[in-house]
Enquirer: 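Can you keep this structure in mind? I'll have questions shortly.
Below, chain A is the first sequence line, B the second, and so on; all start at residue 1.
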Number of protein chains: 2
Amino acid sequence: MKNYTNALRAHNLKATPQRLAIINILDLNGHVSLENLYTQMLSKFHSISLATIYKNINLMLESSFIQEVKIPQGKSVYELTKSKHSHLVCESCFSIEDITIDLEEIQKSTSSKTQFQIDSATVVFSGLCEHCKKKSF
Amino acid sequence: MKNYTNALRAHNLKATPQRLAIINILDLNGHVSLENLYTQMLSKFHSISLATIYKNINLMLESSFIQEVKIPQGKSVYELTKSKHSHLVCESCFSIEDITIDLEEIQKSTSSKTQFQIDSATVVFSGLCEHCKKKSF
DNA sequence: CTGACTGCAAACGTTTTGCACGGTA
DNA sequence: TACCGTGCAAAACGTTTGCAGTCAG
């Protein structure tokens, strides 16, 4: 289990047990909704406050330690900030996978077509994951 | 000004003045946040209720008459449902442009790489619009 | 004329805030 | 020890609901 103490300090955040637990949950689960995170935190800290969760999520968002992923037809989930990637959302089991895609060409042609300067791209593909695709027959 | 009465009826929604006004605002503005919509509605219906706005937005979302666009770093906006397209969001003036891009290739290669069945794609490019790009020098 | 829609007020769920206490560095 | 962080309670928001009156079809 990776130790995130120094990573937190590098973002000027104290390494409290609650924070380390939040990060570990994100690390293990990949993508977690707030209510899911709260539920998991409750099993580790029986008196954890929702306010603490919110405060930490917001602090870690501000310092870009984590990122919010807005799901088109669902609730936001949070993930540790990692290298640029896109998401696949299963509309049946609501699982989320990371995927790396090359948008270079599209961004270039879009930029030149519109004169818009593109700094970042958010891409979410929705459909059925491998498992649910099979089940749907 | 296009008349949306029949379009509403086709979705089993009565063509009330409030609804027609909402639709016209979306039509004229392209993309509108809830608070912006409420403000604009207030100037036409001095006693419009926020509840009415919400009820109508939700009904029109359910019938796919309109769609929600979740903006990565901002509030959701609503738009009339039109042919498939993506969005360019200016992080300086917060304007939103529609754009059509071809994702065929990327979807195909992503599908075969992951075994994920892709049914739809949500793409938002963020950056600077033509106007703000010039101002930023 | 009847069911659907509106506006109001209240309820609800989610997120934020203030404060006293406790823990990290 | 000095802040920063936590937990609690209350407040602030955003959204939904119930209801009585009104309107579109």
Enquirer: Assuming nearest nucleotide by heavy-atom distance, tell me which of Asn58(B) and Pro17(B) is located more 5' along DNA chain D.
Expert: Asn58(B)
Enquirer: In Å, rounded to the nearest 0.5 Å, how long is the span from CG of Leu13(B) to CG of Asn56(B)?
Expert: 8.0 Å
Enquirer: Of all the heavy-atom pairs spanning Ile96(B) and His87(B), show the shortest one and how long it is.
Expert: CG2-CD2, 3.8 Å
Enquirer: Establish whether the base of dG13(C) is bridged to the side chain of Lys75(A) by a donor-acceptor pair shorter than 3.5 Å.
Expert: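 Such a pair does not exist between side chain and base.
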Enquirer: Any pair with a residue in residues 108-126 of chain B that passes side chain to side chain donor-acceptor pair (under 3.5 Å), sequence neighbours left out, goes on the list, sorted by first then second residue, please.
Expert: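 Non-adjacent pairs meeting side chain to side chain donor-acceptor pair (under 3.5 Å): Gln117(B)-Asp119(B).
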Enquirer: Counting only non-hydrogen atoms, which of residues 30-49 of chain A are less than 4.0 Å from DNA chain D?
Expert: Ser47(A), Ile48(A), Ser49(A)
Enquirer: Send over the distance from Leu13(B) CG to dG25(D) C1', rounded to a whole Å.
Expert: 14 Å
Enquirer: Please determine whether a side-chain nitrogen or oxygen atom of Thr16(B) lies at a distance below 4.0 Å from atom OP1 or OP2 of dA4(C).
Expert: no
Enquirer: Round to the nearest Å and state the distance from Arg9(A) atom CZ to dG5(D) atom P.
Expert: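 Going from Arg9(A) (CZ) to dG5(D) (P), I get 12 Å.
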Enquirer: Given the structure, check if the side chain of Lys55(B) and the base of dG18(D) hold any donor-acceptor pair shorter than 3.5 Å.
Expert: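 In this structure, the two groups form a donor-acceptor pair.
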Enquirer: Nearest-Å distance, CZ (Arg19(A)) to C1' (dA25(C))?
Expert: 13 Å
Enquirer: Side chain of Ala51(A), heavy atoms from C-beta onward: which of dA24(D), dA9(D), dA9(C) has the nearest atom to it?
Expert: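 Of all the options, the side chain of Ala51(A) is nearest to dA9(D).
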Enquirer: Atom CD1 of Ile57(A) to atom P of dT14(C): distance rounded to whole Å?
Expert: 16 Å
Enquirer: What is the minimum heavy-atom distance between Lys14(A) and Leu8(A), and which atoms define it?
Expert: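 Scanning both residues completely, I find the closest heavy atoms to be O-CD1, 4.1 Å.
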Enquirer: Specify the separation, in whole Å, of atom NZ of Lys14(A) and atom P of dT1(D).
Expert: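 Distance, rounded to whole Å: 15 Å.
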Enquirer: Please give, in whole Å, the distance from dT6(C) C1' to Leu20(B) CG?
Expert: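 To the nearest whole Å, that distance equals 14 Å.
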Enquirer: Reckon Gln18(A) has a side-chain N or O less than 4.0 Å from the OP1 or OP2 of dG7(D)?
Expert: yes
Enquirer: Determine the contact category for Thr52(B): base if any of its heavy atoms lies under 4.0 Å from a base atom, sugar-phosphate if only primed atoms, P, OP1 or OP2 are that close, otherwise nothing.
Expert: base
Enquirer: Do you reckon Val77(B) sits in the same ILVMFWY cluster as Ile53(B), going by side-chain contacts under 4.5 Å, direct or chained?
Expert: no
Enquirer: Which value, rounded to the nearest 0.5 Å, describes the distance between Thr39(B) atom OG1 and Met41(B) atom CE?
Expert: 11.5 Å
Enquirer: Distance check needed: dA4(C) C1' versus Asn56(B) CG, whole Å only.
Expert: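 In whole Å, dA4(C) C1' and Asn56(B) CG are 11 Å from each other.
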Enquirer: Return the value, rounded to whole Å, for the distance between atom CG of Leu59(A) and atom P of dT24(C).
Expert: 17 Å
Enquirer: Side chain to side chain contact (heavy atoms under 4.5 Å, CB included) with Tyr78(B): which of Leu34(B), Ile22(B), Asn36(B)?
Expert: Leu34(B)
